[in-house]
Amino acid sequence: MVALVAAASLAVLAIRPAERQRGGDADYVVVAAAAGLRWEDLDPQRTPALWQEASRGSVGWLSVRSAHEVTCPSDGWLTLGAGNYAAWDTRDVTGRCPAAEPRLDRPDGIGANVPELPTVVRTNQDRLPYGTTPGALAESLRCTVAVGPGAAIAAARPFGRVDRYVPELPPDPATLLSDCVLSIVDLGTITGDGAARRALVEAADRTLARVLAARPPRSLMLIAGPADTEAASRLHVAIAEGPGWEGGRLTSAGTGREGYLQLVDLAPTVLAALGEPVPEKLFAGYTASIAPGRTADPALAMQGAQDADRRAIAQRGVAEIFFTVLAILQAVLFVAVIPVLVRARRHAGPLGPPLPPRRLVDLAEAALLAGGLAIPAALLADVVPWWSSPHPAWMFGSATAALMILGTLLIRLAPRYPRTLWPMAAAAAIGVLVVAVDLATGARLQLNGVAGYSAVHGVRYAGLGGVGLGVFVAGLFLLAGALAQWVTRRWRPLVMVTFGGLGVVMVGSGHLGADPVGAIAVTAGACVAAAISTGGWLTFPRFAWAALTGVVVTITFAVLDLRRAPLEQGTLGRFLTSLADGTAGPAMQRAAAANGEALLDSPLTLLALLGAAMLAFCQFSPWGGLNRVYGLHPAVRAGVAGTVVATVIAGVLGGTALGSAGAAAAAAVPVAVLTALRVLLHAADRTPPPGETDGPGGPLLRKSDEGPVTVS
């Protein structure tokens, strides 16, 4: 079994995503940026220069994550020049962002000096968890030109010096733009809405047109919206136009998603285009590359139905509502089902309460089934363009509710529904199938999806998110536990390991889940599940074999990931590389900070705690019935244990705290309670002799005239 899981991990790393096309080289790079510039601002009539560049070059959505939760103009310009997550100061932002207006000294009339920058550098290195050195991009080049105050922040060296500086573009900027290999131009700040915003965008477009007319030969134009201007984070414009950058979608190894780029990717892209080496240990981003085949018309490629910014805005609000409502409804459901569980327990004396009516049992089972299908239904609901509705929350909720009802009916009307474990196995299979099909088709349901992840957060852009991981792991192990009851005791560990190996492949493959840390967590869960699937406790020999398997898979992932080129490494390889060169401290601080934030702010934490409390009540209360489930079906207990181990490890190491565990609890606990209810209702009935089996789904239950359930 150790060899089987290790072989699965080898297969995972043998599968690689398709390689991207590298952009062309250039003699000069001109970065023209306007804080707040979004794709909705572009128009072929009002902004002809921007539209021309978007039509000719490669385009993408720019995530402007910085060291602040909200990236204001000063933070964005500083992050651009640092190539790493930076912040101008540590003050929280409420309302509109302040303008980027650094104090500038001009002692010689050629360059300028930003006297505040040394203090900003110390703040970033001593008080923020990213180890950022503002000015790293300028320090990597011999000479840099800055036009405008925002550009001065990006072009300043760590001690504050700007090599060439002018406050605004001169009448003939050709000489200025060819003075240095890198020129950074501040096109202004785009803020507000309506006519005032359109006027600012048109002014920026006119400035850009002058830059394009005077750009040096063999130059790369990078056009970006490097910051937000309000407290709400958005996706912004990213355009690369020049030789070798025509007609594609921008991406990078940091996002792994066609059409998405990070602000920290711009600095390494500048150096790569100029043929300069990227400074070691300083940059957090990766060189931009091109995915060919985009639609030539920018309106079709980036606006309308393809407007990822609009979808991300809707996702942010609807996701919070959905998970909060789900936590409340599951709490109400668990409280409501407790009296049914109490009455379902048979009493020896004549004065015990009567068994619950069959209709009440059917209603409780339907509600529990629907609750277990809520998150898979939410994933599927992203097929519907709910974000384009005037009332996105209501449209998403309606689509999710309809899918929950449909899934419940499909399970309820199946011929095998009377079998004890059928509802659990069927609900688990639906969750696994939804996530697996989504991963196989590019994780399109999870990107900017309510039950997925948002590109605005700048944490994940492709593969398997924390919520999807929780649903997938819970479904995988519960399905394996239900199917393992179909075979004899000696073969049950093989069933658990086989499903665990499939899970490792799906989660860890760079072409599918792209989550090596999650794959290691699934390995640990599979080992524990296999060790106790035949019954009994997790003895030392069982634990030793489980630990050995986990070590083998972890080492396999680490060795093969480290043998890849730096830009092809996964999160595990990048972390180990930073650990070897002494830069892992900031990454560990970020993970700890992310865990703390996710633990306190996410409704998924409440779902995890509710699920744990309900499982404890069902196991340790006389009316619970879960101990009897575990006694009759030890592989189910193994599946529950594997789910807990995998999701907790994945959450802690992945920076989502109890996020994955909360999603797993939302999917697994309702069907576990349903199974406990069924076992209680036929606890006094005849059971088959040891060694006999009724096939997948467990014993066949039939309704009697009195209401209780009997075993055939």
Side-chain angles (χ1 to χ4, degrees), residues 38-40 60-65 69-71 225 228 230-237 255-262 302-327 374-404 434-435 438-439 441-471 594 597-598 601-607 654-656 659-660 662-663 666:
R38 302 194 293 263
W39 280 106
E40 65 188 40
W61 299 99
L62 185 66
S63 173
V64 296
R65 178 188 171 199
E69 183 177 354
V70 178
T71 300
D228 295 305
E230 298 177 350
S233 298
R234 303 287 294 270
L235 294 173
H236 296 270
V237 168
T255 64
R257 171 77 69 172
E258 292 183 8
Y260 287 85
L261 204 65
Q262 298 183 89
M302 309 303 291
Q303 298 176 356
Q306 306 300 322
D307 193 342
D309 181 46
R310 182 179 179 183
R311 181 174 178 180
I313 294 170
Q315 185 265 0
R316 183 167 51 225
V318 175
E320 184 175 354
I321 295 172
F322 170 73
F323 285 109
T324 302
V325 170
L326 179 60
I375 295 182
L379 279 168
L380 275 178
D382 279 308
V383 174
V384 180
W386 53 267
W387 56 89
S388 61
S389 168
H391 305 286
W394 285 105
M395 186 171 182
F396 173 80
S398 300
T400 302
L403 290 169
M404 290 168 62
V434 168
V435 177
D438 183 40
L439 293 180
T441 55
R444 300 181 185 278
L445 297 179
Q446 295 188 67
L447 177 66
N448 296 324
V450 170
Y453 42 81
S454 173
V456 170
H457 294 159
V459 176
R460 175 172 282 275
Y461 303 84
L464 188 61
V467 174
L469 177 65
V471 172
E597 182 178 349
D601 295 344
S602 175
L604 290 166
T605 299
L606 181 57
L607 282 168
T656 59
S660 295

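All residue numbers in this chain count up from 1 along the given sequence.
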**Request:** Report the distance from atom OG of S233 to atom CZ of R65, rounding to the nearest 0.5 Å.
**Result:** 11.0 Å

**Item:** Single hit among L439, L379, I375 for side chain to side chain contact (heavy atoms under 4.5 Å, CB included) with V434
**Value:** L379

**Asked** Can you tell me how far CG of L62 sits from CG of D309, rounded to the nearest 0.5 angstrom?
**Response** 11.5 Å

**Prompt:** Does a side-chain heavy-atom distance below 4.5 Å link L261 with T255?
**Reply:** no

**Message:** Pair H236, D228 - check side-chain contact (heavy atoms from CB on, under 4.5 Å), show working.
**Reply:** CA-CA 8 Å; H236 296 270; D228 295 305; 2.7 Å; yes

**Fill in**
Sequence neighbours excluded, the answer for side chain to side chain contact (heavy atoms under 4.5 Å, CB included) partners of E320 is T324

**Asked** Considering all heavy atoms of both residues, which atom of L606 and which atom of A327 are nearest to each other, and what is their separation?
**Response** CD2-CB, 3.8 Å

**Request:** Under the ring-ring contact (aromatic ring centres under 6.0 Å, His included) rule, collect the residues that match up with F323, sequence neighbours excluded.
**Result:** none

**Message:** When you compare the side chain of L326 with that of P603, does any pair of heavy atoms fall below 4.5 Å?
**Reply:** no

Let me check something: any side-chain donor-acceptor pairs from residues 390-403 under 3.5 Å, sequence neighbours excluded? List them with distances.
from: S398; atom 1: OG; to: W394; atom 2: O; distance (Å): 2.8
from: T400; atom 1: OG1; to: F396; atom 2: O; distance (Å): 2.9

**Request:** Could you pull out all residues at least two apart from S454 that satisfy side-chain hydrogen bond (donor to acceptor under 3.5 Å, both in side chains)?
**Result:** none

**Asked** Does W39 reach the main-chain N or O of G60 with its side chain, forming a donor-acceptor pair under 3.5 Å?
**Response** yes

**Request:** Return yes if some donor-acceptor pair links the side-chain N/O of R257 with the main-chain N/O of A455 below 3.5 Å, else return no.
**Result:** no

**Prompt:** Can you check whether G466's main-chain N or O pairs, donor with acceptor, with S660's side chain at less than 3.5 Å?
**Reply:** yes

**Message:** Would you say that W387 contacts N448 through its side chain, given a criterion of any heavy-atom pair below 4.5 Å between the two side chains?
**Reply:** no

**Asked** Between CG of D307 and CD1 of I313, what distance do you get to the nearest 0.5 Å?
**Response** 7.5 Å

**Request:** Taking side-chain hydrogen bond (donor to acceptor under 3.5 Å, both in side chains) as the test, write out the residues that go with E230, two or more places apart.
**Result:** R96

**Item:** Pairs where residues 376-400 contributes a residue and the test salt bridge (Lys or Arg N to Asp or Glu O under 4.0 Å) is met, not counting sequence neighbours
**Value:** R311-D382

**Asked** Once you round to the nearest 0.5 Å, how far does CD of Q446 lie from CG of L464?
**Response** 5.0 Å

**F322 to A374 - nearest heavy-atom pair and separation** = CZ-O, 4.0 Å

**Prompt:** If you measure from CD on Q315 to CZ on R310, what distance do you get to the nearest 0.5 Å?
**Reply:** 15.0 Å

**Prompt:** Out of curiosity, S63 OG to L235 CG, how far, rounded to the nearest 0.5 Å?
**Reply:** 6.5 Å

**Prompt:** Would you say the side-chain atoms of Y453 pair up with the backbone N or O of G463, donor to acceptor, closer than 3.5 Å?
**Reply:** yes

